[in-house]
A.B. asks: 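The structure's right below; bear with me while I get my questions together.
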2 protein chains.
Amino acid sequence: MPDGDTFPSGPLAVVDRTTADRIFADLSHLILSGDLPPGAKLSEPDLAARFGTSRAPLREALRRLAERKLVTHIAHQGARVIRLTPARITEIYQIREALEGVAAREAALRMSDAAIAELRALLDLHAGRVSASDRYFQGTEDDDFHFRIIHACGNEMLTALLLDEYYLLIRLLRRQIHHPAGVAQRALIEHRRILDAIADRAPDLAETMMRRHIAAAFTRLRAGLPDTSPTPRPRKEASA
Amino acid sequence: MPDGDTFPSGPLAVVDRTTADRIFADLSHLILSGDLPPGAKLSEPDLAARFGTSRAPLREALRRLAERKLVTHIAHQGARVIRLTPARITEIYQIREALEGVAAREAALRMSDAAIAELRALLDLHAGRVSASDRYFQGTEDDDFHFRIIHACGNEMLTALLLDEYYLLIRLLRRQIHHPAGVAQRALIEHRRILDAIADRAPDLAETMMRRHIAAAFTRLRAGLPDTSPTPRPRKEASA
DNA sequence: ATTCCGGATATTGTCGACAGATCCCGCGGT
DNA sequence: ACCGCGGGATCTGTCGACAATATCCGGAAT
């Protein structure tokens, strides 16, 4: 993957040129895997001991996670894993809808014919898996499709914003939901329509289809959320 | 301004509960005021001495600035003030167009009648100033209008993203451009149309008008850029 | 003269320790 | 029994120093 002096950092896959990089990646995985559940306190002494380093690189990793909105940091109180309330999920999807709409629009203008053909083949592959298991969203297939679009948009800041920031939150969210049957087929159909618009080099249509796709995904997601009650007040604690 | 336990941090106006907060604010001002020009090396020992602290809080401030894209940070090489190339400016405006479009849409749904009336009065005030000086963009009037919309969108993450991240970059950019005559009137007219759409509670129209306004602003901006040559290679140095 | 190489210098990354603030828990008052 | 208060323990924020890496400058070879 070509990545010269392009844009600042990458996400988790960045080469750890420093201890802070490694801790950042490890902590991200711990959070995204659910090992560190939402609301968990991130104690600097504990984690430093756990990673076998001093607190300096750990603090830096925590700061980066805070800027990526994976943890909240309050002065003199420490960091906690973010708690995704329904209100915040709504906000994330509003932003994601707009940003991925732009990505789809630009992809319609810039994606190479070869990449389009590859992506079409990928969707065919997905189709087989869906009809076999109907677990489209449980795997990473949905991400795969969106990743390709996002990478093809040609806007490095947008790519970084979506992948390094919002997709981490979405992956975290995905752990909390279960989709009803039939969702997989719907998503696949929508993916095909988006790709068709891109193949037709129709930016407006591609943007519209992508936005509708994400809006629909949000509606489906909302149905699968554990509780839709207002905001479950910040509870007492959550163990590691 | 109501801001309880809403969302993580604020921008520059945050109360400095810690030394790092203060340095972060001070450094932001130094960069935005042009005291630290684009490309300038941000030496940790130098700045630490300048602020009269140790390197620890300074490093933290630098990391935050890096996450807000005001500086680039490379491992073992240090931090530099971001250099806004034409390509990156294009990226910023693409993102901004989409995000502020959402803000306008939501504002059309949620802005109170009182706030709309206030904003209309503000535009009348601007009109007087524009006809007197034709320096709409040189002041903060344009920001004022957009700030109001962004604050009214009801999406805290979106508000934080636009104000804490992208508006810092846009303010930095504004230092580099000079608008031709007549731009102010055009912008004011567009502002009125956006507000009209919001007052009509027409979210689609408000989003469209806002996107067109920002796209037009980008076109005007492009004309006022010093050089439109490809990418002026990272030069040798830039003094503080 | 130009290019490549190597050592000295300076800077960044990391560490351990101290100071201030917050949190927890037990005590006394009502 | 409940609430407010105070002291101890714990944690975060900050500091100064060390280690590792990158940069810069001078010299040698082509």
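In the text below, chain A, chain B and the rest are named by the order of the sequence lines, each starting its count at 1.
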A.B. asks: Under the salt bridge (charged side-chain N to carboxylate O under 4.0 Å, His left out) test, which residues partner D26(B), sequence neighbours left out?
C.D. replies: R22(B)
A.B. asks: Hey, do the aromatic rings of H213(B) and H146(B) have their centres closer than 6.0 Å?
C.D. replies: yes
A.B. asks: Please list, chain by chain and in numerical order, all residues satisfying side chain to side chain contact (heavy atoms under 4.5 Å, CB included) with L109(A), sequence neighbours excluded.
C.D. replies: E106(A), P203(A)
A.B. asks: What's touching nucleotides 5-8 of chain D from the protein side, N or O pairs under 3.5 Å?
C.D. replies:
none

A.B. asks: My understanding is that only residues two or more places apart in sequence, or in another chain, count here; which of them pass side chain to side chain contact (heavy atoms under 4.5 Å, CB included) with A216(B)?
C.D. replies: E190(B), R220(B)
A.B. asks: Using atom CG of L58(A) as one end and atom C1' of dC11(D) as the other, report the distance to the nearest whole Å.
C.D. replies: 13 Å
A.B. asks: Restricting to side chain to side chain contact (heavy atoms under 4.5 Å, CB included), what partner residues turn up for R55(A), sequence neighbours left out?
C.D. replies: E44(A), A48(A), R59(A)
A.B. asks: What pairs of residues pass the ring-ring contact (aromatic ring centres under 6.0 Å, His included) test when at least one of them lies in residues 90-116 of chain A, not counting sequence neighbours?
C.D. replies: Y93(A)-F218(A)
A.B. asks: Who are the salt bridge (charged side-chain N to carboxylate O under 4.0 Å, His left out) partners of E100(A), not counting sequence neighbours?
C.D. replies: R96(A)
A.B. asks: Excluding sequence neighbours, so at least two apart, what forms salt bridge (charged side-chain N to carboxylate O under 4.0 Å, His left out) with R148(A)?
C.D. replies: E118(A)
A.B. asks: For the helix from dA1(C)-dT30(D) to dT30(C)-dA1(D), measure the angle between the helix axis at one end and the axis at the other, each built from five pairs, rounding to 10°.
C.D. replies: 10°
A.B. asks: Could you pull out all residues at least two apart from I74(A) that satisfy side chain to side chain contact (heavy atoms under 4.5 Å, CB included)?
C.D. replies: Q77(A)
A.B. asks: Take L119(A) and I149(A) through the side-chain contact (heavy atoms from CB on, under 4.5 Å) test and state the conclusion after the steps.
C.D. replies: CA-CA 9 Å; L119(A) 189 45; I149(A) 306 285; 3.9 Å; yes
A.B. asks: Base, backbone or nothing for each nucleotide of nucleotides 5-14 of chain C, written B, S, -, heavy atoms under 4.0 angstrom, 5' to 3'?
C.D. replies: ------SBBB
